[in-house]
Amino acid sequence: MSEVAIQRLINKLHALVGPAGLLTDAQAQAPYLTDWLGKWKGATPVVVRPANTAETAAVVKLCSETHTPIVTQGGNTGMSGGATPDASGAQVVLSTTRMNRVRAIDPINNTLTVDAGVILAHAHDAARSVDRFFPLSLGAQGSCTVGGNVATNAGGIAVLRYGNTRDLVLGLEVVLPDGRIWHGLRGLRKDNTGYDLKGLFIGSEGTLGVITGVVLKLFAQPTAHATAWVGAESLDKLVDLLSLMRTRCGERLTAFEMMTAASLQLVLDQVADTRAPLAQAAPFNALIELSDTDDEAGLRDLLEESLGESMETGLTHDVMLSSSQAQTMALWKLREGISQAQVRAGKAIKHDIALPISSLASFAAQAEQDVLACMPDARIVNFGHLGDGNLHYNVLMPPDADYDALKQRTHELNGVVHQLVTDYGGSISAEHGVGQLRRDELRIYKSPVEMELMLRIKQAMDPNHLMNPGKLL
Ligand code: FAD
Ligand code: MLT
Ligand code: ZN
């Protein structure tokens, strides 16, 4: 894009969003041009920060008319490079962070309507303000946005009970690639009037339009929680424990997170004020949480009895039942500290994979063999949302390694892990999406029919390929 064209574009954008809505200074732009992991770096002529849907529509219309590609960005916490522009300097970054109003809360209809740029933690606060609960919960909730959660179909730690973001969205408002607005902010649990249009945009990673508004489902506020940390000899035993907990606790089982000894040790080494929860380190650990709107004592008894049974049957050999909010928070700090600990300890070759729960243990045993055969010095950091069959099967590299030098090894390792995942009928991206990280692998693991259908949808919705080019497809 020539200097003249850039200046003309900036002048027109300035007329649409005003000075508060534009970042042209390189320093101010810097945080928008790299991702949370520091893995991707890009360039842009301008970061546009529209204040509302009308301004967003006007910006997208102008970019459509001038054939200017748009990279939409929310909290920039994504793990697949989906929100980082390429190095061409021709892609406008459209940040939703100024669109941060809570539009409506309806505790009778159990819906919360927010701007896409609302931070997830603020959506939690809005729900709590009317004695309701919005259950999507992930380590980045203090900075990720609801629009980004929708665009990546985020998972997190409560999927086991409440589902992914896809299950929590009732309506969307979207600015389409030509600048028109789709007003789909309905708060209906039943609406059988044609194709599920909102379903197209959930998980679309900015490639089909800019999500500007979301209607979310609200739930009863859990008043009782019971949390425990357990140690087990094998992943097999944790999977059996998961079954036991589901049978005994039903809907009250809200979280079942797994950490291997290596992933726990990483957090203990890298994150301050953390302590090992069990006297004896266990090869496999689970953080288990029950919640309900009933009495806490009864819930604790249920957890205690269930885990007592797991010890009698040899599924677990050590259990720690949290006896205070502080202890519960300390346990969650161990689980949620992993992302940060990995970044501090080095570079991780990450695999965010989903498998049938019944295959997890045999997959992990086979994967370890295959990975070590391919990379004898690999330090496997395996953790994740066991309740959803989602493992973050990562391989940690030394701190001084750099992603470029690792490219070949990463490619090999991805091939080993993802082929095994496919053999087990799994997915190469459980919750982090495709972005630019998995784009090229997608066509290996998706069928030609699936690829063709997705490409035809993309062509129909964004014929000029201006929405987040180079991502996902
Ligand atoms: P961004 O990173 O800004 O963007 C992500 C993608 O969505 C990009 O492709 C972007 O173009 C698109 N996008 C963003 N906003 C919009 C919009 N309004 N309209 C259209 N497209 C848009 N993810 C999980 O699923 N589960 C976890 O447990 C989890 N834990 C995490 C823990 C940490 C510490 C961190 C740093 C990240 C974690 N993530 C997790 C990843 C990340 O938080 C999620 O993917 C989140 O949904 C991204 O939201 P965001 O607002 O940061 O989006
Ligand atoms: C998590 O579950 O901690 C997240 O998905 C982030 C990560 O994989 O690092
Ligand atoms: Zn995760």
Side-chain angles (χ1 to χ4, degrees), residues 33-43 69-73 76-91 93 148 151-155 200 203-208 347-355 367 370-371 374-375 378 390-395 397 401-459 461-473:
L33 302 181
T34 184
D35 67 300
W36 188 86
L37 293 167
K39 195 167 189 163
W40 293 278
K41 293 192 181 14
I70 293 175
V71 178
T72 304
Q73 194 177 100
N76 202 12
T77 67
M79 293 234 158
S80 302
T84 307
D86 67 14
S88 70
Q91 298 179 341
V93 173
T152 57
N153 183 28
L200 276 180
S204 61
E205 300 185 46
T207 62
L208 297 181
K347 298 258 182 328
I349 300 176
K350 299 172 85 114
H351 302 94
D352 163 35
I353 56 180
L355 293 150
D370 297 354
V371 164
C374 165
M375 189 184 281
N390 176 192
L391 294 180
H392 294 301
Y393 194 83
N394 299 339
V395 174
M397 307 313 292
D402 83 349
Y403 284 120
D404 286 341
L406 283 174
K407 258 202 177 87
Q408 186 42 38
R409 297 186 87 177
T410 302
H411 182 70
E412 263 172 62
L413 214 56
N414 289 166
V416 166
V417 173
H418 289 153
Q419 188 50 54
L420 193 59
V421 165
T422 305
D423 296 346
Y424 275 96
S427 167
I428 66 166
S429 181
E431 55 179 13
H432 294 164
V434 178
Q436 44 186 313
L437 177 68
R438 299 282 173 237
R439 179 197 58 217
D440 299 334
E441 290 177 275
L442 199 67
R443 69 185 68 244
I444 301 171
Y445 300 104
K446 297 298 268 188
S447 70
V449 168
E450 287 171 316
M451 287 308 293
E452 189 208 320
L453 286 174
M454 291 199 288
L455 287 163
R456 280 164 66 176
I457 290 168
K458 171 71 176 177
Q459 188 59 33
M461 303 282 286
D462 178 23
N464 298 323
H465 290 239
L466 296 177
M467 304 309 285
N468 220 358
K471 312 293 180 31
L472 208 168
L473 292 175

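Start at 1 with the first residue, then count along the sequence.
Although no hydrogens or angles enter the test, the distance criterion places no donor-acceptor pair under 3.5 Å between the side chain of Arg438 and the main chain of Ser80. Between the side chain of Asn394 and the backbone N or O of His351, at least one donor-acceptor pair lies under 3.5 Å. A side-chain donor-acceptor contact under 3.5 Å links Asp86 to the backbone of Ser88. A donor-acceptor pair is defined here as one N or O able to donate and one able to accept, closer than 3.5 Å; no such pair exists between the side chain of Asp462 and the backbone of Leu208. Side-chain atoms of Asn153 never come within 3.5 Å of backbone atoms of Glu431 as a donor-acceptor pair (strictly under, hydrogens ignored).
Across all non-hydrogen atoms, the minimal contact from Pro69 to Ala90 is CD-O, 3.5 Å. Considering every non-hydrogen atom in both Ala378 and Val371, the closest pair reads CB-CG1, 3.8 Å. The minimum heavy-atom distance between Cys374 and Glu412, with the atom names listed, is SG-OE1, 3.8 Å. When all heavy atoms are compared, the tightest approach of Gly203 to Leu472 is O-CD1, 3.8 Å. Smallest separation of non-hydrogen atoms from Ala151 and Gly206: CB-N, 4.3 Å. Gln419 approaches Tyr445 most closely through the heavy-atom pair N-OH, 3.7 Å.
One distance of note links CD of Gln73 with CG of Leu33; it measures 8.0 Å at 0.5 Å rounding. How far OG1 of Thr84 is from NZ of Lys471: 6.5 Å, rounded to the nearest 0.5 Å. Distance check, rounded to the nearest 0.5 Å: OG of Ser204 to CG of Leu473 gives 10.5 Å. Rounding to the nearest 0.5 Å places CD1 of Ile428 at 5.0 Å from CD of Glu441. For the atom pair Glu452 CD and Ile457 CD1, the distance stands at 10.5 Å (nearest 0.5 Å). To the nearest 0.5 Å, atoms CG (Asn464) and CD (Gln459) are separated by 8.5 Å.
Between His392 and His432, the angle of the ring planes stays under 30°, which puts this pair in the parallel group of the 30/60° scheme.
The closest side-chain heavy-atom distance from Ile70 to Leu466 is not below 4.5 Å. The shortest distance between side-chain heavy atoms of Leu37 and Lys347 does not fall below 4.5 Å. The shortest side-chain heavy-atom distance between Met461 and Met467 does not fall under the 4.5 Å cut-off. Side-chain contact check for His411 versus Lys407: every heavy-atom pair is 4.5 Å or farther apart. Side-chain contact between Met79 and Leu437: absent, with no pair of heavy atoms (C-beta onward) separated by less than 4.5 Å. Using a 4.5 Å heavy-atom threshold, the side chains of Gln436 and Lys39 count as separate. A 4.5 Å side-chain heavy-atom check between Leu420 and Asp370 finds at least one atom pair inside the cut-off. No side-chain heavy atom of Val421 sits under 4.5 Å from any side-chain heavy atom of Ser427.
Of the N and O atoms on the side chains of Asn468 and Glu205, not one donor lies less than 3.5 Å from an acceptor on the other residue.
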*Report the C-alpha separation of Leu413 and Val395 in whole Å, then their side-chain angles, then the decisive distance to 0.1 Å, and conclude whether the side chain to side chain contact (heavy atoms under 4.5 Å, CB included) test is met.*
CA-CA 9 Å; Leu413 214 56; Val395 174; 3.6 Å; yes
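Heavy atoms from other residues, nucleotides or ligands lying under 6.0 Å from NZ of Lys446 number 12 at most.
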